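What follows is a single structure, written as structure tokens, with notes after it.
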Amino acid sequence: MADEVILIDGNSVLYRAFFALPLLSNDQGVHTNAVYGFTTMLLKILEEKNPENILVAFDAGKTTFRHETYKEYKGGRQKTPPELSEQFLIVRQLLDAFGIKHYELDQYEADDIIGTISKQASEQKKHTNIITGDKDLLQLADDYTTVSISKKGTSDLEEYTPATIPEKMGVSRDQLIDFKALMGDPSDNIPGVAGVGQKTAAKLLKQFDTLENIYENLEEVSGKKLKENLTNHKEDAFMSKELVTINRNSPIEISVEDIVYPGYETQKVVEIFKAYGFNSLMDRIDGEASEEPVERAEVNFQKITELNDDILGPNENIFIMELWEENYHSSDVVGFSLSNETGHYFIPTEVAFESTKFVDWLKNPEKKKIVSDSKAMKVALAWKGIEVEGITFDLLLASYIVNPQNSAHDLPGVATFYGIHDTSFDEEVYGKGAKRKLPEEDVYAEHIVRKAFVGHQLHDILQKELQENEQENLFHQLEMPLAIILGDMEHIGVRADVERLKEMKDDLDLRLQEIEKRIHELAGRAFNIDSPKQLGVVLFEDLGLPVIKKTKTGYSTAADVLEKLQHEHEIVDQILLYRQLRKLQSTYLEGLLKVVHKDTNKIHTRFNQVLTQTGRLSSVDPNLQNIPIRLEEGRKIRQAFIPSKDDWIMLAADYSQIELRVLAHISQDEKLIEAFRQGKDIHTQTASEVFNVKEDEVTSLMRRHAKAVNFGIVYGISDYGLSQSLGISRKEAGVFINTYLNSYPGVKKYMEEIVNQAKRDGYVETIMNRRRYLPEINARNFNRRSFAERTAMNSPIQGSAADVIKQAMIDVKQALENSEINANMLLQVHDELIFEVAKEDVDALKNLVTEAMENTVTLDVPLSVDASFGDTWYDAK
DNA sequence: TTCGGGCCGT
DNA sequence: GTGGGACGGCCCGAAG
């Protein structure tokens, strides 16, 4: 019905939404689930009801006039979770953005405000709809007033009118107050009459109509016990009645006329939705208006045709290099932009590279450049033979350090995150997919200039946040220098033995053909083995093998399932072999051949430095951090990674047990520290502790189990996870874990403390102050909370290990530059570094690298590095 | 073009 | 009692 008065019980709706929805949070770790739920409901109401007046009422505070009647009112209530408290502020901001009035009154509850306004409205014969999650408000229903209760805390509303209440509640509208007075309400600590519940209360009211009548005719009440209870708790009953009666004459200072709803301004709502990450709700706000472009600052810029000393004079510059492709090893340059105290400039690519002045400016370390993605810029320019210097601040990298959970790691994304809307997204300017193309120069010139324009603001913001988080060292001393080193490694590349790759591929082609033929024979028909769907039909329908596990879409044909079916049918082994070889073929042999640089036979990966939640790097195009090693067949792929020069060889140096050593250090567990100090085999040592035997009595099975437990500890253990990896029951796994934690009390204490710390601060930290925010650490959903808890345990370990090797890379690089050694650092694979080195320098390099890696940081346990070399990566083992 | 299943690494 | 190892990237087929 249009033109209704809408009255919303803010507290109740927010509470309901909070407990109904998973604990969402926006990019800054602010919880938003309740506000989100509230908003979906609000939008629905605005869409459906088109209200003329609307008010959201809130409870004012802890004490109310009801506490004068009964000081235990609402006593014993659980404290409002802090994740919810913070949302009460947000929801008020949201209402302001919508232009919706909200109101609270000292000493009164939201119910009383709503009761008073709805009384006014009814007297004016206005139709009113009350939205709440609390059935107590049903007493306000009348001929003009409908009460809507949200079901399960969602925006699903159930409407109650005086006509429908008896059916739904078992008593009439007029009896609701007496009903509650008899029953009481444990959640509000309202006593009611002891021994009287819903059924008895309804029965009594059916017979006597009102509370007063019951007491006037007490002798007619059936049941001795009940009569006794009523007599003994008469005071409770009438006090309860007083408590549950909504005050409809509260001294509010607003009236129906004051809560006229003018409609919202789209812009304001868009902003708040963006701020809290309600992207999915964007298209529900007024369609026409929401397409209005955000008002952006006017940016006047100059297109440069000739560089001069004035423009290039200043010492602080925001400098943007726009690349067309993601892969900066091969990308064209779209253009440059520059913003400094003299103005904003677009510099076309040709103008730039033909200008000696500009190239000199790039190379000049005195000319300070604040950039976005320094590694991309450095590598792209390196391919053109230019060594850019003077990069002092990488906006993307800083954004990652300050907010690793923000996945928008391009400049417009970062700007938007901070509420700056003066840039467009690349997709908006260039299009995406097949439609991606370069627009008119004016258009992309402005786009690129705008990126530089917002750089100043972002620089200020990020600098401040780095400082507040005490992450300036992490940023300036670790990540910034590392970006340069990684860029060098990527640009140098790794030489591939293309002939060897081709040989292996041809060989595999033949073998795969044979296996495929054999599988089709065994199946009795041809089908696509690469299709899990078709394979599932063959195995579980045609051949009738037992179904062990299902996936969302059908039968699971994963390796662990197939392994259990090995004895059922000959085809299973063939499929496992096929899978193994097919993986090598497609991902590694064909995959690597595709990315070998034609002229140099080198492979140039890109390390993503701003992606992982833990601080590790990742590697793409190709991923050189997952080249096979476990199975010999796959390991041979490493024979195709060779030095780039004659008489050079490959050297690999890896940290031994770095994560467990980090754990020993962080947890300060005495036994663990001692084990590493004495250079013990840690898995054997663990087995000896957990199984309570002497070290020389540890069997290989014990050691295997202990190793799995150690892994589990590092990953943030769950009994289920361990049971899966060891093929034992969950119970047995649980016993292992407990025994472990009791053997290493320091570790146990760490695990408990880190989870508490995460609950308190909302984040955990590494030894170098790298943060990970854990918004779901207090989630009520077991699953989400458990996951966050494991993450809290794991992230400081994995992340600190990542810090250590990053620092080691910087130290190694520095030591190499100070030496006469001819060598290149080529790859990082989480806990190992790969080099190529002139044969005569190999011993020197081995010493240098081992020394640098082992001493890069001082922990309370020694770090240990194993280094080995050979003619190929394969042989460096 | 996007998603899910599967599988490679630390 | 729940659902469940941590962090990634790339291949493929199938669906949109």
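Note that the coordinates shown come from a computational prediction; the quantities given were computed from them, not determined experimentally. The chains referred to below are lettered A, B, ... by the order of the sequence lines, with proteins before strands, and numbering in each begins at 1.
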Taking the [atom1] atom in each of [N] and [M], what is the distance between them to the nearest angstrom?
{"N": "C:dG3", "M": "B:dC7", "atom1": "P", "answer": "24 Å"}
{"N": "B:dC8", "M": "C:dT2", "atom1": "C1'", "answer": "31 Å"}
{"N": "B:dT10", "M": "C:dG4", "atom1": "P", "answer": "26 Å"}

Legend entry - Nearest-nucleotide comparison on DNA chain C, the residue closer to the 5′ end among A:Lys533 and A:Gln798: A:Gln798
Below 4.0 Å: OP1/OP2 of [N] and any side-chain N or O of [X]:
{"X": "A:Gln534", "N": "C:dA14", "answer": "yes"}
{"X": "A:Arg630", "N": "B:dG9", "answer": "yes"}
{"X": "A:Arg616", "N": "C:dG8", "answer": "no"}
{"X": "A:Thr553", "N": "B:dG4", "answer": "no"}
{"X": "A:Ser556", "N": "B:dG6", "answer": "yes"}
{"X": "A:Thr551", "N": "B:dG4", "answer": "no"}

Legend entry - Polar pair under 3.5 Å, donor/acceptor by atom type, side chain A:Asn626, base B:dC8: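 Between B:dC8 and A:Asn626, which were checked side chain against base, a qualifying N/O pair under 3.5 Å is present.
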Legend entry - base_contact_polar (C:dG3 base, A:Arg730 side chain, donor-acceptor, <3.5 Å):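 Answer is yes: a donor-acceptor pair is held.
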Inset, instruction - Examine A:Arg436 relative to A:Trp324 and say whether NZ or CZ is less than 6.0 Å from the centre of the six-membered ring and inside a 45° cone about the ring axis. - result: yes
Inset, instruction - For A:Lys707, look at atom NZ and say whether over 12 heavy atoms of other residues, nucleotides or ligands are found less than 6.0 Å away. - result: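 Incorrect, the count does not exceed 12.
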Inset, instruction - Establish, from distance only, whether the side-chain atoms of A:Glu541 and A:Tyr555 form a donor-acceptor pair under 3.5 Å. - result: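 Yes.
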Identify whether any heavy atom of [X] sits under 4.0 Å from a base atom; if not, whether one sits that close to sugar-phosphate; answer base, sugar-phosphate or nothing.
{"X": "A:Ala434", "result": "sugar-phosphate"}
{"X": "A:Ser725", "result": "base"}
{"X": "A:Ile629", "result": "sugar-phosphate"}
{"X": "A:Asn608", "result": "nothing"}

Legend entry - Parallel, tilted or perpendicular, as decided by the 30° and 60° cut-offs, for the rings of A:His683 and A:Phe711: parallel
